[in-house]
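Keep in mind the model is a prediction, meaning the values are calculated, not measured.
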Amino acid sequence: SRRRGRRSELDLDALAASQSSMTHADQEALTKLRLMKTYHEDALAFMRLLAQAIPTLIQLLASTNKAEVLESMEFFRVAYEYCIRGASDGVCSMIHLVWAKDNALVMEDGSQLKGVRSRVIDVYRALYFDEYPHLSRAENMTRIARNMIERTFGATLAELTSLEQLFCLMHAEGLVERAVVDKLWEVYASTRPISRAQRRGSIMVLSMLAKAERELVADKMDVLLRIGLGTLGARDLVLCKHTCIALQHVSGSAKKIKGALSDENVRYPMHHTMFTRLSAVIEMTTDVIGRHPEWFSVAEAAIDAMYLLGEQPDAMCTDIVRRMSYAAFTPTGRTADDAYRMAQLVFVVGHMGLKQMVYLELVEREFKRRKSVRDASNDSSSKRTSELDQVAEQAEDDIGDTMAWVRERELLFGPQSLLACYGTLVPFICSNTRQYPDAYLQRAAALTLCKFMCISSEYCEANLGLLLHILRTSKDAVVRANAVIGLGDVAVCFGTLVDENSERLFAGLGDADLGVKKNTLMVLTLSLIHISEPTRLGMIS
């Protein structure tokens with residue numbers, strides 16, 4: 001069905017005209033040819049009808065009738081195996097059903113249908129994971145690894161998120177064999193010339209699996225540092241970014257329980273080689289990568305990894321900001337490169353400020369955890385225990401007040417704070433677009449302004465008018481799209497400050513750019529369901 005068929009050169013009418021001179025055997029052969037032609041015409045018509053039905057069947061995947069969903073999934077499984085045009089779109093669309101509740105369905109005749117999520121796993125296992133009997137085991141492992149990698153090709157962020165959940169569930173059920181994992185590592189670390197998409201896909205899949213089992217990447221950290229954070233990563237920033245994301249899973253992904261004090265993440269001393277490599281990634285200059293838009297997401301992933309894995313990430317980040325500041329404020333004579341370096345610096349201080357705020361919360365939680373351990377092991381007299389409890393409770397209140405003060409007043413206003421130097425510079429850049437017209441710099445500055453506003457209510461109040469002005473007047477759709485998300489995050493952190501201007505959010509629904517409209521709709525939706533965590537801000541390309 002995917003190839004244009006060659007037009008038949010057989011003239012049946014001419015054969016029919018000379019039928020009187022044919023033998024009986026020739027006449028039977030002609031009849032068979034006519035029947036065969038009719039058969040193929042009907043088959044082609046049937047395949048075209050199936051292809052026309054696929055958009056409707058994709059819609060049925062979102063039906064509230066579970067039986068319709070399950071039947072549509074089965075159709076796409078069979079259609080994919082028969083190479084019906086469009087079937088791959090249906091298989092790709094059903095990946096989002098992995099988030100469905102896995103309740104079995106009892107039919108009227110008493111039969112029981114599997115849950116939707118279980119059926120998604122069954123379909124993907126049948127199409128991509130079941131071994132072929134005519135292939136050797138090694139060939140089957142290679143084929144399965146290739147299938148997993150190819151699922152990442154051209155996938156959207158939403159599809160990758162659902163794919164990660166699917167692979168984690170399949171790994172938990174033992175459907176991903178160790179030989180397949182070894183083959184994925186072999187592709188990632190291959191010294192042979194392979195396509196970038198293959199190498200990127202291999203580390204993306206390994207990162208997904210590592211969410212379920214951290215040892216998959218923890219035991220191969222040297223490979224991650226050598227490939228993705230080495231020379232190959234410097235030449236392929238997308239590979240570098242996904243390597244940083246995979247590295248984050250080394251810390252573990254224990255589900256956080258609200259109110260819990262324990263921090264089960266694995267952390268490493270700051271002299272570990274990985275932090276040197278991460279620093280080098282963050283400090284990449286235009287001499288190495290040029291004015292590459294992908295660097296911003298790479299730096300974000302590297303900073304996230306540093307704060308997740310480091311015992312004292314703030315100390316190393318301070319050194320990074322100092323070096324980048326020196327580089328940014330030392331003119332190279334190339335205006336575009338100078339503006340890009342400033343954009344890099346502004347982006348880094350913004351994301352580090354946000355991560356530092358989270359890190360302070362971890363420090364506070366660790367203090368409370370230690371206090372809780374001391375309380376549990378304290379076997380002194382009741383009077384003495386009571387006195388110690390009073391002192392400990394006072395200390396706990398003090399540390400909470402101290403952390404709140406550091407967040408509110410010290411990070412962006414303290415005389416000894418490095419970030420405070422940029423607390424005034426960032427609004428200045430945002431306010432002077434003619435003096436600083438570079439698109440990268442304006443996007444980074446607007447993004448950092450939003451992140452700084454999520455740290456301190458005082459800073460937020462002082463710059464809220466500027467953010468609303470940017471949202472209303474910026475000619476860059478990327479800046480407006482990020483400003484919408486930033487305003488939504490600020491509304492989560494300091495709702496009372498934004499309530500009076502909440503109507504400004506609705507104005508984004510009438511924006512000429514679809515990206516701004518989409519982000520506005522997302523922020524409004526999240527605000528309606530009372531999201532309790534800030535939305536992830538990012539450089540939108």
Side-chain angles (χ1 to χ4, degrees), residues 77 80-81 83 87-96 98 120-121 123-132 135-217 219-220 223-224 226-230 232-233 235-249 294 297-298 301:
R77 183 190 69 78
Y80 185 88
E81 291 179 336
C83 300
S88 58
D89 295 336
V91 174
C92 186
S93 296
M94 77 170 68
I95 187 67
H96 301 301
V98 74
V120 172
I121 295 175
V123 170
Y124 270 74
R125 178 177 58 189
L127 295 181
Y128 305 119
F129 287 82
D130 282 351
E131 297 186 22
Y132 288 171
L135 296 179
S136 67
R137 177 168 173 77
E139 290 172 332
N140 271 308
M141 297 301 103
T142 300
R143 170 185 162 272
I144 293 171
R146 183 175 61 251
N147 285 339
M148 296 178 77
I149 290 172
E150 289 177 351
R151 303 286 70 74
T152 67
F153 293 175
T156 65
L157 180 59
E159 289 167 352
L160 289 175
T161 303
S162 298
L163 190 65
E164 178 181 75
Q165 178 69 5
L166 176 65
F167 284 168
C168 285
L169 291 172
M170 298 185 77
H171 181 69
E173 293 185 14
L175 299 178
V176 183
E177 297 191 36
R178 188 63 56 172
V180 174
V181 175
D182 293 339
K183 180 58 67 174
L184 290 169
W185 279 115
E186 184 180 323
V187 174
Y188 175 69
S190 175
T191 56
R192 296 182 292 103
I194 62 174
S195 70
R196 286 188 169 188
Q198 284 183 301
R199 202 184 298 271
R200 291 171 182 174
S202 63
I203 192 58
M204 290 166 71
V205 173
L206 287 166
S207 179
M208 294 172 184
L209 297 175
K211 189 174 181 181
E213 184 184 348
R214 62 172 291 273
E215 288 76 16
L216 290 181
V217 291
D219 296 340
K220 296 281 190 176
V223 180
L224 294 174
R226 187 179 78 251
I227 303 297
L229 299 184
L232 280 173
R235 294 196 298 265
D236 184 357
L237 292 185
V238 176
L239 178 70
C240 183
K241 176 182 70 175
H242 287 289
T243 299
C244 290
I245 294 172
L247 202 58
Q248 293 172 29
H249 292 306
E294 192 65 40
S297 59
V298 174

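- For the atom pair CD of Gln165 and NZ of Lys211, the computed distance is 6.5 Å after rounding to the nearest 0.5 Å.
- Side chains of Val176 and Phe167 form no contact here, defined as non-hydrogen atoms less than 4.5 Å apart.
- The aromatic rings of Trp185 and Tyr188 sit perpendicular to each other, their planes meeting at more than 60°, with 30° as the lower class boundary.
- Between Thr243 and Ile227 the shortest side-chain heavy-atom distance does not fall below 4.5 Å.
- Atom OH in Tyr132 sits 9.5 Å away from atom CD1 in Ile144 (nearest 0.5 Å).
- Considering CG of Leu166 and OG1 of Thr161, their distance stands at 12.5 Å, rounded to 0.5 Å.
- A salt bridge between Arg137 and Glu177 is present, with a side-chain N of the basic residue lying under 4.0 Å from a carboxylate O of the acidic one.
- Leu224 has its side chain within reach of Ile203: a pair of non-hydrogen atoms, C-beta onward, lies under 4.5 Å apart.
- Side-chain contact check for Leu160 versus Met208: some heavy-atom pair is nearer than 4.5 Å.
- Counting all heavy atoms, side chain and backbone alike, Gly233 lies closest to Cys240 at O-CB, 3.6 Å.
- Applying the side-chain contact (heavy atoms from CB on, under 4.5 Å) test to Ala126 and every residue at least two apart in sequence or in another chain returns Arg77, Asp130.
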Criterion side chain to side chain contact (heavy atoms under 4.5 Å, CB included) on Lys241 and Ile245, from CA distance to verdict: CA-CA 6 Å; Lys241 176 182 70 175; Ile245 294 172; 4.2 Å; yes

Worked check of side chain to side chain contact (heavy atoms under 4.5 Å, CB included) between Cys244 and Leu229: CA-CA 8 Å; Cys244 290; Leu229 299 184; 3.8 Å; yes

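- Here the side chains of Leu169 and Val120 are not in contact, with every heavy-atom distance at 4.5 Å or above.
- When all heavy atoms of Ser297 and Glu294 are compared, the pair lying nearest together is OG-OE2, 2.7 Å.
- Classification of Glu213 and Arg178 as a salt-bridged pair holds, one side-chain N sitting under 4.0 Å from a carboxylate O.
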Decide yes or no on side chain to side chain contact (heavy atoms under 4.5 Å, CB included) for Asp236 and Arg199, but give the supporting numbers first. CA-CA 10 Å; Asp236 184 357; Arg199 202 184 298 271; 5.9 Å; no

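- In terms of heavy atoms, Ala210 sits closest to His249 at CB-CB, 3.9 Å.
- To the nearest 0.5 Å, the span separating CE on Met204 from CG on Leu239 amounts to 10.5 Å.
- No side-chain donor-acceptor contact under 3.5 Å links Arg200 to the backbone of Thr152.
- Put simply, the side chain of Ile149 reaches to within 4.5 Å of the side chain of Leu184, judged on heavy atoms.
- In this structure, Lys183 and Val180 have side chains that are not in contact, with every pair of non-hydrogen atoms separated by 4.5 Å or more.
- Distance check: Met148 CE to Leu163 CG gives 7.5 Å after rounding to the nearest 0.5 Å.
- Put simply, the side chain of Arg151 does not reach to within 4.5 Å of the side chain of Ile95, judged on heavy atoms.
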Could you walk me through whether Ser207 and His242 pass the side chain to side chain contact (heavy atoms under 4.5 Å, CB included) test, one step at a time? CA-CA 8 Å; Ser207 179; His242 287 289; over 6 Å; no

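- Expressed to the nearest 0.5 Å, how far OH of Tyr128 lies from CD of Glu150 amounts to 9.0 Å.
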